[in-house]
Each structure stands twice: as structure tokens, then as C-alpha cells.
2 protein chains.
Amino acid sequence: MDFTQYVNPFIGTSKMGHVFPGATAPFGMVQLSPQTNFELMFNQDNSYNSDTYKYCAGYQYKDTTIIGFAHTNFSGTGHSDLGDFLVMPTIGELALDPIVTKDHQKGFYSTFTHENEEASPGYYKVNLDSYNIKAELTTSDRVGYHKYTFPKTDEAHIILDMVYNVYHHDNKNVWTFIRVENDTLVTGYRQTKGWARTRKVFFAMEFSKPFISYGHEKYNEETYDGFYRRFKQDENFPEIAGKDIRAYFNFDTEEGESIEIKFALSSVNSEGALKNLQAEIPHWDFNRTREETKAKWNEELSKIEVSTLTLDDKKTFYSALYHTNLSPIIYEDVDGKYRGLDQNIHTSDGFTNHSIFSLWDTYRALHPLFNITQPKRNNDMIKSMLAHHDESVHSMLPIWSHYANENWCMIGYHATSVLADAMAKNVGDFNHERALQASVNTANVRYFDGLGDYIDYKYVPDDKSHSSVSKTLEYAYNDW
Amino acid sequence: MDFTQYVNPFIGTSKMGHVFPGATAPFGMVQLSPQTNFELMFNQDNSYNSDTYKYCAGYQYKDTTIIGFAHTNFSGTGHSDLGDFLVMPTIGELALDPIVTKDHQKGFYSTFTHENEEASPGYYKVNLDSYNIKAELTTSDRVGYHKYTFPKTDEAHIILDMVYNVYHHDNKNVWTFIRVENDTLVTGYRQTKGWARTRKVFFAMEFSKPFISYGHEKYNEETYDGFYRRFKQDENFPEIAGKDIRAYFNFDTEEGESIEIKFALSSVNSEGALKNLQAEIPHWDFNRTREETKAKWNEELSKIEVSTLTLDDKKTFYSALYHTNLSPIIYEDVDGKYRGLDQNIHTSDGFTNHSIFSLWDTYRALHPLFNITQPKRNNDMIKSMLAHHDESVHSMLPIWSHYANENWCMIGYHATSVLADAMAKNVGDFNHERALQASVNTANVRYFDGLGDYIDYKYVPDDKSHSSVSKTLEYAYNDW
């Protein structure tokens with residue numbers, strides 16, 4: 001039975017739903033989804049631009065523009081980051097700014113309509129009306145698979161925008177490094193400083209067809225460029241590095257010709273990304289990957305079978321069940337290597353490492369649900385939290401962590417409740433003594449958010465730490 | 001026989017000699033030396049400050065101040081970079097700026113005199129007169145060993161200045177990451193963008209005595225600091241990251257008490273630095289490391305024994321021979337891992353990886369000398385150049401490379417001549433076919449420095465590329 005027919009990935013993409021309609025495998029490391037705007041986190045007077053909050057997942061259903069497809073997106077969060085490696089196909093005169101160019105011309109965005117848009121678990125399709133390009137996306141666990149069907153043109157472009165971020169602001173991009181290895185393979189990484197402070201994502205990008213030429217533009221000023229100034233770096237120079245970079249690759253296309261891209265991620269290095277690419281999608285068969293991922297979704301969705309609901313209620317139910325399988329994500333390469341909090345490279349031993357732990361949001365319902373629907377994976381997640389503890393210089397379990405960073409969002413230390421719930425229900429084979437010790441360590445970090453006072457007074461005084469009643473309640477619950 | 005008695009490391013430290021008097025093992029990865037000024041590469045009007053050129057090796061004999069001891073320094077170069085991880089002991093009120101503080105007080109520098117300064121191969125000593133601290137330095141291959149003897153004080157500080165660079169300028173520091181693992185161990189890394197564009201150096205710093213407290217100050221403005229703002233980050237908070245950071249560690253000392261520091265480097269990660277530290281100096285015996293390194297120097301210096309010279313001429317000769325053993329440097333961890341040009345981690349197989357190839361300066365005399373005095377090491381260097389070629393996205397041998405970067409300085413492709421010289425003299429066991437192919441590849445990169453025109457016209461036209469006569473001559477020599 002095909003349960004994916006009941007999933008509507010567009011549910012929740014309006015207003016403050018903060019979910020994305022793009023393609024992903026269950027708990028996939030690559031979550032490849034359209035971005036409909038480029039919102040800056042701060043206004044020109046440095047005040048917070050509250051409109052960025054609408055774009056936590058990169059997509060707003062009301063929008064009529066798409067600026068490209070990014071490989072990492074949060075699902076359902078109340079703050080944001082990510083949006084790595086925005087890829088956009090265009091034709092005609094090259095524009096490298098998403099919305100408007102320096103000389104006030106149209107940027108590389110395209111208009112689109114929902115009539116020509118389609119999404120199902122592991123698949124997304126849209127017509128990019130500004131260019132008459134059909135865009136299709138699917139993914140494996142660690143690789144995004146793009147298929148762009150072009151009209152006939154000798155000015156086809158694939159843009160790789162390394163400036164773009166969800167919650168973008170000046171100095172968010174710390175470093176970008178791109179190597180054009182040959183005329184079908186590009187590798188590199190980006191480091192950002194945002195909600196996560198030291199976040200590195202590596203990639204390997206393979207094209208189904210050689211590009212004719214390529215280039216890039218830097219969007220930051222250089223204080224000193226050393227002896228690289230000897231080269232004409234902006235065109236056909238294979239080594240690109242800096243802060244704010246947008247690159248492009250040029251092609252000729254026949255009418256109806258598809259250019260496909262496999263885009264793999266890694267937290268370790270570009271060699272790891274290339275290994276992921278070769279291991280997961282060694283072919284150029286888009287439908288094969290799409291079908292494999294659909295099968296994975298059916299396996300997850302079939303875990304709860306309801307027959308008594310109406311069709312509309314089934315759609316609500318299975319779309320919600322679908323959304324429970326988008327986060328936390330797998331966060332390791334096919335060889336088990338991953339970047340830890342200490343920025344060293346670790347290898348998972350006896351578990352699959354996961355990231356994106358929004359624990360204030362997930363300890364009450366999501367992880368208890370996982371104990372029923374995903375016991376093996378919840379065990380992996382708990383072991384990932386214990387690894388986080390071991391890698392933490394604070395000896396703390398995750399509070400709100402993503403991509404080898406603790407982002408310290410929200411209050412309490414709810415990982416302890418996730419551990420306790422699994423212990424009480426006898427889920428998993430993680431070490432209970434170690435889990436208890438990690439919880440006790442976490443509960444004794446005095447400089448954390450009123451915790452020293454809580455330990456001394458048995459409550460958090462309001463004149464010493466904000467949200468003191470909530471913190472007292474949550475610490476007490478977690479301790480219990 | 002003790003040949004080190006003839007070496008005077010101060011020879012060449014005046015004016016434009018560009019060498020350093022500090023401590024290092026032969027070809028050591030750590031070259032730990034006093035820095036006597038903090039010169040900025042650009043004036044306030046953005047013009048080049050030519051005085052920086054005097055400080056290529058961080059030290060000027062005429063100076064009367066020392067601002068600290070840095071772990072990486074070039075020897076004899078005509079452009080510069082490095083100066084990683086400046087460590088300075090002070091007492092009294094804490095100052096975190098090297099020269100002058102924001103409120104116009106004296107910075108953390110100390111005055112010194114040459115009467116109280118001493119240097120010999122692998123050892124350096126100076127009295128820091130501003131604080132009555134005796135500073136002594138020695139090193140193993142990958143670990144700097146500091147010994148600071150303090151007066152009695154309850155205000156002893158060790159400053160770790162991560163802002164400082166040789167050839168410093170705005171935005172040279174890309175990212176700094178520090179973890180205070182416990183009260184005797186600090187780890188981290190820094191990424192810089194200068195002569196080398198994407199340069200990362202990792203460290204592990206161990207103290208012989210626990211510090212009482214610590215802290216840091218940021219010298220850059222933050223656009224957005226996320227939820228780290230919840231913490232009082234500047235004091236006793238063990239996770240420190242940003243662009244421009246100076247940290248400090250506080251101690252009490254008795255009269256004549258020494259605080260020792262082992263400071264290990266790695267190009268791979270901080271775990272690699274810690275491995276290097278534990279493998280090379282597992283003890284707290286400063287004199288043992290000093291004697292081991294002195295023995296290594298005697299082994300190198302004894303390779304040429306001259307008996308007919310006067311004492312002064314012997315000093316000139318052995319000091320010059322000493323200087324031939326400072327660069328290129330070992331550039332791999334004790335386990336053979338090193339960072340490659342592609343920023344991936346490689347493992348040397350059948351050789352010891354080296355870096356700092358100033359080939360325009362060294363192909364005529366230094367590498368031919370190495371074929372006599374250092375045949376095994378020259379073979380390692382050639383294999384390192386071949387690895388560089390394989391990791392290069394341009395498929396080029398090094399032009400002027402350091403720290404996993406090609407810096408593109410000077411003209412010609414003189415690595416080919418180094419390879420040819422060793423082949424002609426039958427030195428080493430590197431693969432000659434591979435060496436020829438790498439040379440041919442290098443000689444055919446058309447976008448490199450007039451090379452396309454040289455291939456087309458058999459000379460470099462002056463109206464197309466500067467220094468055209470020199471380039472034509474050097475390309476012709478290299479091709480021959």
C-alpha cells in the first residue's frame with residue numbers, strides 16, 4: 001500500500017508553520033527545498049527584521065518567486081539557520097544576485113505558480129516560469145539529486161550561490177572554499193557563524209554534462225589578496241575562496257534537454273562528501289533514487305496504519321506523521337565519520353550519529369513517539385546526545401544543538417527527560433549509568449542559565465535570571 | 001664534539017636579514033621565537049607600511065621590546081606571514097594589548113637587553129625586564145616548550161594572543177576557536193587569510209600548574225552573537241570563538257617559581273596537536289628536551305667538519321649551516337597525517353611531508369646542498385612537492401607554498417629544477433616518471449603568469465606580462 005499518497009508536504013508551509021515542501025529521505029542529512037525569498041535578519045538601522053521569522057524553513061506558500069534550491073533546512077523550528085548551497089538554473093543574460101542586481105535589473109529568481117508545483121515524500125517539482133525550466137528534486141540520505149529540463153539555449157546557467165543563508169546577515173559567512181576539480185565536478189565547503197557559532201558544511205557537486213565555462217563573483221571587499229592578484233580569478237580559474245561568493249557554470253542545451261546534478265554533503269571534508277555521493281548515487285537514474293526514497297517513506301509511514309479515517313483526515317494524519325520523520329537528521333558520512341562539538345573528527349561506534357536536537361520542543365511528544373515508532377533511531381539519537389556530552393567542554397548534554405554546535409536556545413536541560421523516558425520504557429541499549437552521569441553533569445554546570453542559583457536556593461530568583469519560574473519548573477521536571 | 005658552540009643565531013637578525021633567534025629543532029614544525037614589535041601591514045590611509053618588511057621573521061636586533069613568543073616564523077624570506085599563537089608572561093595589572101591599551105597605558109610588552117639574552121641551537125633565553133621574569137624556550141619537532149620563572153606575585157598572567165600575526169592587517173584572522181579543556185589544558189585553532197589564503201593551524205597548550213582563573217577579550221565587533229549572549233563569556237567560560245581574540249590565564253607564584261608550558265601544533269586538528277604533544281614531550285623536564293634537540297643539531301652540524309678556519313670563521317660557517325636547516329619544515333603529525341592543498345587530510349606514505357617551499361630562492365643552492373648534506377630529507381621534500389602536485393587543482397608543483405597553501409610568490413616553476421637536480425645526481429627513490437609528468441603538467445598551465453604566451457610565442461611578451469625577460473629566462477631554464 002502506498003502511504004505517501006496521503007502526505008501533503010505543503011501543509012504547514014503558510015505563515016508560521018515553518019516547514020518546507022522540498023525533497024528529503026526520512027531523517028535525511030540533505031533536505032533539498034525551494035527558497036522563496038532572500039530576507040536579511042537585520043534592517044539597515046541594525047534593528048531586527050521580524051519578517052525573517054517567516055522564513056525559518058526557507059519557503060512561504062504565499063510567495064510567487066523561487067530564488068533556488070538549498071540543501072539544508074530546518075523543519076518546524078522557532079529560530080533559524082542553514083540554507084546551505086543554493087542552486088538555481090537560469091537562462092539568458094547572467095545575473096548573480098538573487099533579487100535585484102547592482103544595476104537595478106531583475107535578479108536570478110524565477111516566478112512560479114502552485115498549479116505547476118508538486119510535492120510528495122522524497123520528490124519536489126516546479127516550473128520556473130521566468131526561464132521555462134522544469135525543476136525536479138529528489139534525495140538519498142546524504143545526496144541531493146537535481147534535474148533541470150531546459151529549453152533550447154546557448155545561455156544556460158547553473159548558479160551556485162554560497163552567499164545565501166536562512167537568517168542571513170553581514171559576516172554570517174566566515175569562509176568559502178571552492179575547487180573546480182574538472183568540468184563535471186566541484187568540491188568545497190562553507191563556514192558560517194550564526195545561530196551555530198562555528199558551523200562547517202562540505203560538499204561535492206557533480207554535473208551530468210560538462211560545463212563549457214564558469215566563473216564567480218565576490219560580494220565582499222578584500223583587505224589583501226596576496227599574489228592571487230596575478231590571476232584573472234573571476235573566470236575559469238579553478239580555485240575560489242573568500243567570504244561571500246556566487247559562482248556559475250555555463251552550458252548549451254537542446255530543447256527539452258535535462259542537466260542533472262548530484263550534490264552531496266559532509267560535516268567532515270569534501271573527500272567525505274565525494275564518498276557519500278559515490279556510495280549513495282553511483283548512477284544517473286533520477287527515478288531510481290526517487291523510487292528508493294519513496295520506498296523508505298512507505299516503510300516509515302506504514303508503521304501506523306489507520307483505516308477508519310476519512311481521506312482528508314488520513315491526509316492530515318500521514319502528513320503529520322511525515323513531519324515527525326524530518327528531524328533530528330542523520331549527521332555522519334557513510335563511513336561513520338562526523339564532526340564533533342570539539343571540531344575534531346569522530347567515528348560513530350555502535351550507533352548512527354544524529355544532529356538537530358530541538359529538545360525544548362521535542363522532549364514531551366516527539367521522542368516519546370519515537371520510542372514507539374522509531375525505537376532503534378531514538379536509541380541512536382540518545383547515543384548521539386551522549387557523544388555530544390563527551391565532546392562538550394562543558395560536559396553537558398545538548399540543550400539545542402545542530403551541526404556540531406550547541407546553540408543554547410531555550411531553557412531547561414530536556415535531554416535528561418528524553419534519556420529517562422527511554423530508560424523507563426526500556427527502549428534501546430545505551431548505557432544507563434553513563435546516561436545518569438551525563439544528566440548529573442549537565443545539572444551541575446553552575447554558569448548555565450541560572451543553574452548555580454537554582455542549586456543554591458532550590459529555585460531560580462527572578463532578579464538574577466529571566467524566565468525564572470519557567471526555568472525552576474523545567475529544571476525540577478528534568479531533575480525528577 | 002659540540003658544533004653548536006659555533007652557532008650564533010643572532011647573525012642576520014639585524015635590518016633585512018629576516019632570520020629569527022628563537023628555538024627550533026632542525027626543520028622543526030614549531031619555530032618558537034621572540035617577536036619584538038606589532039607592525040601593521042597597512043597604514044591608516046590603506047597604503048602599504050614598508051616597515052613590516054623588517055619583521056618578516058618577527059625579530060629586529062635593534063629593538064628593545066618583546067611582545068611575546070610565537071610558534072611559527074619564516075627564516076630568510078622576502079615576504080611574510082605566520083607568527084601563530086603569541087604567548088607572553090606578565091605580572092601586575094592585566095593588559096591585553098601588546099603595545100598600548102585602549103586607555104593609553106603600557107601594553108603587555110616587556111623591555112629587554114641583549115646582555116640578558118642568549119640563543120643557541122634549540123634554546124633561547126631572555127630576561128623580561130618589565131616583569132622580572134626569566135623566559136626560556138626550547139622545542140621538539142612539533143612542540144614548543146616554554147619555561148617562565150616568576151617573582152613572588154598573586155598577579156601572574158600568561159597571555160595567549162590570537163590576534164597577533166606577522167604581516168598583520170584587518171580581516172587577516174578569519175576564525176579563532178579555543179576550548180579550555182580543564183585547568184591545565186587548552187586546545188583550539190586559528191584560520192588566517194594573508195599570503196596563504198586558507199591557512200589553519202591547530203594547537204594544544206598544556207600548563208605545568210593549574211591556572212586559578214582565565215578569560216578573554218574580543219577585538220572585533222559581532223554582528224550577531226546568537227544565544228551565547230546568555231553567558232558571561234569573558235571570564236571562566238571554557239568555549240571561546242570569534243575573529244580577534246586575546247586570552248589570559250592567571251596564577252599565583254612564589255619567588256623563583258617556574259610555570260612551564262608545552263605548546264604543540266598540528267595542521268590536522270587539535271586532537272592531532274595533543275597527540276604530538278604527548279608523543280614528543282610526555283614529561284616536564286625542560287632540560288631533557290633542550291639536550292635532545294641540541295643532540296639533533298650536533299648530528300646535523302657535524303655533517304661538515306672544518307678544522308682549518310679561525311674561530312670567527314667557524315662561527316660564520318656553522319651559523320650559516322645552521323640556517324640551512326631551518327626551512328623547509330616538517331609538516332605532518334606524528335601519525336603522518338597532514339592537511340593538503342585541497343584542505344582534506346592526507347597521510348604521508350613512504351615519506352615525511354614538508355612545507356615552506358620558497359623555490360625561487362632555494363633551487364640554485366639550498367636543494368643542491370641538501371643533495372649532499374640532507375639526501376634523505378631532500379627526497380622527502382621532493383615527494384612532498386609531488387604530493388602537492390597531486391593535491392593541486394591546477395596539477396602544478398609548488399611555486400612558493402606554505403601551510404597547505406600555494407601563495408604564488410615570485411616567478412618560474414623551479415620545483416622542476418629541484419627534481420631534475422636530484423635525478424641527475426641520483427638522490428632519493430622518488431618516481432622519475434611521475435616527477436617528469438608533474439613537471440610537464442606544471443609547464444602547461446596556460447593561465448599561470450604569462451605561460452600561455454610563452455608556449456605560443458616561445459617567449460613572454462612584455463606588453464602581456466610584467467618581468468617578461470626574467471620569466472622567459474626562468475621558464476627556459478626550468479624546461480631545460
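Just so it is clear, the structure is predicted and the values come from calculations on it, not from any experiment. Chain letters run A, B, ... following the sequence lines, proteins first, then strands; residues in each count from 1. Values reported hereafter were calculated over all heavy atoms of this structure, with side chains retained and with hydrogens, waters and symmetry mates removed.
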Cut-off 4.5 Å, heavy atoms of chain B, and the answer for A/V180 is backbone
Applying a strict 4.5 Å limit to non-hydrogen atoms, the region of B/D81 in contact with chain A is neither
(message) With a sphere of 6.0 Å drawn around CG of B/D463, does it hold more than 12 non-hydrogen atoms of other residues, nucleotides or ligands?
(response) yes
Looking only at B/G226, B/G188, B/G194, most heavy-atom pairs under 4.5 Å shared with chain A are made by B/G194
task = Measure the acute angle between the ring planes of B/Y228 and A/W408, then classify it against the limits of 30° and 60° as parallel, tilted or perpendicular.
result = perpendicular
Most contact-rich option vs chain B, by heavy-atom pairs under 4.5 angstrom, among A/E181, A/K172, A/K232, A/K193, is A/K193
Whatever's closer than 4.5 Å to a heavy atom in chain B on A/Q233 counts as side chain
Greatest number of non-hydrogen atom pairs under 4.5 angstrom with chain B, of A/E271, A/Q343, A/R230, A/E406, falls to A/R230
For B/D342 and A/F177, the nearest pair of non-hydrogen atoms, with its separation, is O-CE2, 3.7 Å
Honestly, the part of A/S392 sitting under 4.5 Å from a heavy atom of chain B is backbone
Among B/E239, B/R197, B/R179, B/H466, the residue with the most heavy-atom pairs under 4.5 Å to chain A is B/R197
The interface call for A/N46 against chain B, heavy-atom contacts under 4.5 Å, is neither
When the 4.5 angstrom heavy-atom criterion is applied to A/F231 and chain B, the contacting part is side chain
Item checked: Min side-chain heavy-atom separation B/F42-A/Y224 under 4.5 Å -> yes
Heavy-atom nearest pair, A/N407 first then B/F227, reads O-CB, 3.2 Å
Okay, A/M41 and chain B: the region with an atom under 4.5 Å from a heavy atom over there is side chain
